[in-house]
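Here the structure is laid out as structure tokens; the discussion comes afterwards.
A, B, ... follow the sequence lines: proteins, then strands. Residue 1 opens every chain. These numbers were taken from a predicted model, which means no experiment stands behind them.
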2 protein chains.
Amino acid sequence: MEIDGKSWKILQAIQADGRISLTELAAKVALSVPAASERLKRLEEAGVVWGYRALVSAEAVGYDVMALVGMTTAQPDKARLIAQLQSMPEVLECLHVTGQDSFILRVVTRNIRHLEQFVGSINHFGETRTSIVMSAPIALRPLAPPGGE
Amino acid sequence: MEIDGKSWKILQAIQADGRISLTELAAKVALSVPAASERLKRLEEAGVVWGYRALVSAEAVGYDVMALVGMTTAQPDKARLIAQLQSMPEVLECLHVTGQDSFILRVVTRNIRHLEQFVGSINHFGETRTSIVMSAPIALRPLAPPGGE
DNA sequence: CCTGAAAGATGTCCGTT
DNA sequence: AACGGACATCTTTCAGG
């Protein structure tokens, strides 16, 4: 799918505010409401926009610790590991990556003790390297056009 | 702020669908529309909900490579590094962490060549360790109640 | 593919319980 | 704090350029 300048403006607007009304959206991209609506629907149907989420503060709901956990896991254990991670609400994300780690997990826990307990519950799958997040100098930025093609 | 069962239902619903209407939301949590609306507004004002985002597929818009880049950076360079990263649209996220790495970046690039170029443009700030994301067995899961308190 | 207007649905603001 | 109704706004759909 090709995405022209106006569709990119739409993408940027709905990434900045996922609950923006079509009326506002249309105004921002200098289009009529039905035109903006159709473009957005097309983007959704093509899978360019694959969902809308409210962003909830982990801290505000009682998760005081966020961490990234890298794991080195033997091939035959991977499927079981993923199955277990899926049942653990502390795991917000699990990426299968190249390099020293097999997986990198994004985890939230109530406190350090809870983090220790979490790591203990998975480290029989392999070595873990835990990095506690102290701050997020750049947090979850919207995608911009790739440009220089 | 205290979050009771109904507010948690609201949080889960808007994390699952950030564009859900108040009418649907109210039905899901067995509340009237104004009641649901007020609770949601309170959650927003308290910073529990700090935004709404459309999720855009990096692949669909021309970013074929996602990677995590760990950096070891000397203290005096950190501020300049962050400033530079902020001006680079490839950087979706930058976390300041404990452990071997000073920062871990989430980066998207058009292709491997573009990734190499990106890493080259920042590696004078310190050593980098790049992990290319092959797949996301668990992608961006909503927050669940911490429970066992 | 965009525009403009109408009908249906939705969000907000009341007063009330 | 939550409910129900009235009004303003928004979304969707349709005809037309």
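Taking OG of Ser131(B) as the reference point, atom CG of Leu95(A) lies at 9.5 Å (rounded to 0.5 Å). Summarising the geometry, atom CD belonging to Glu90(A) is positioned 9.5 Å from atom CD1 belonging to Ile122(A); distances are rounded to the nearest 0.5 Å. Atoms CG and CD, from Asp64(A) and Glu59(A) in turn, are 6.0 Å apart once rounded to the nearest 0.5 Å.
The existence of a salt bridge linking Glu93(A) and Arg106(B) is confirmed by a sub-4.0 Å separation between a basic side-chain nitrogen and an acidic carboxylate oxygen. Residues Arg39(A) and Asp4(A) are paired through a salt bridge, judged by an N-O separation under 4.0 Å between the basic side chain and the carboxylate. Ion pairing between a basic and an acidic side chain is recognised when a charged N comes within 4.0 Å of a carboxylate O; Arg42(A) and Glu38(A) show such pairing.
Atom CD in Glu24(A) sits about 13 Å away from atom P in dT9(D), given to the nearest Å. Note: CG (Leu22(B)) to P (dA2(D)) measures 14 Å, nearest angstrom. Atom-to-atom, CG of Leu25(A) to C1' of dT12(D) comes out at 15 Å; the value is rounded to the nearest Å. Between the CD1 atom of Ile20(A) and the P atom of dG11(C) there is a distance of 16 Å, rounded to whole Å. If you measure from atom CD1 of Ile10(A) to atom C1' of dC1(C), you get 13 Å, rounded to the nearest angstrom. Taking atom CZ on Arg19(A) and atom C1' on dT9(D), their separation rounds to 15 Å, with Å as the unit.
For dG11(C), one of the phosphate oxygens OP1 or OP2 lies less than 4.0 angstrom from a side-chain nitrogen or oxygen of Thr23(B).
DNA chain C lies under 4.0 Å from at least one heavy atom of each of the following residues of residues 27-46 of chain B: Val33(B), Pro34(B), Ser37(B).
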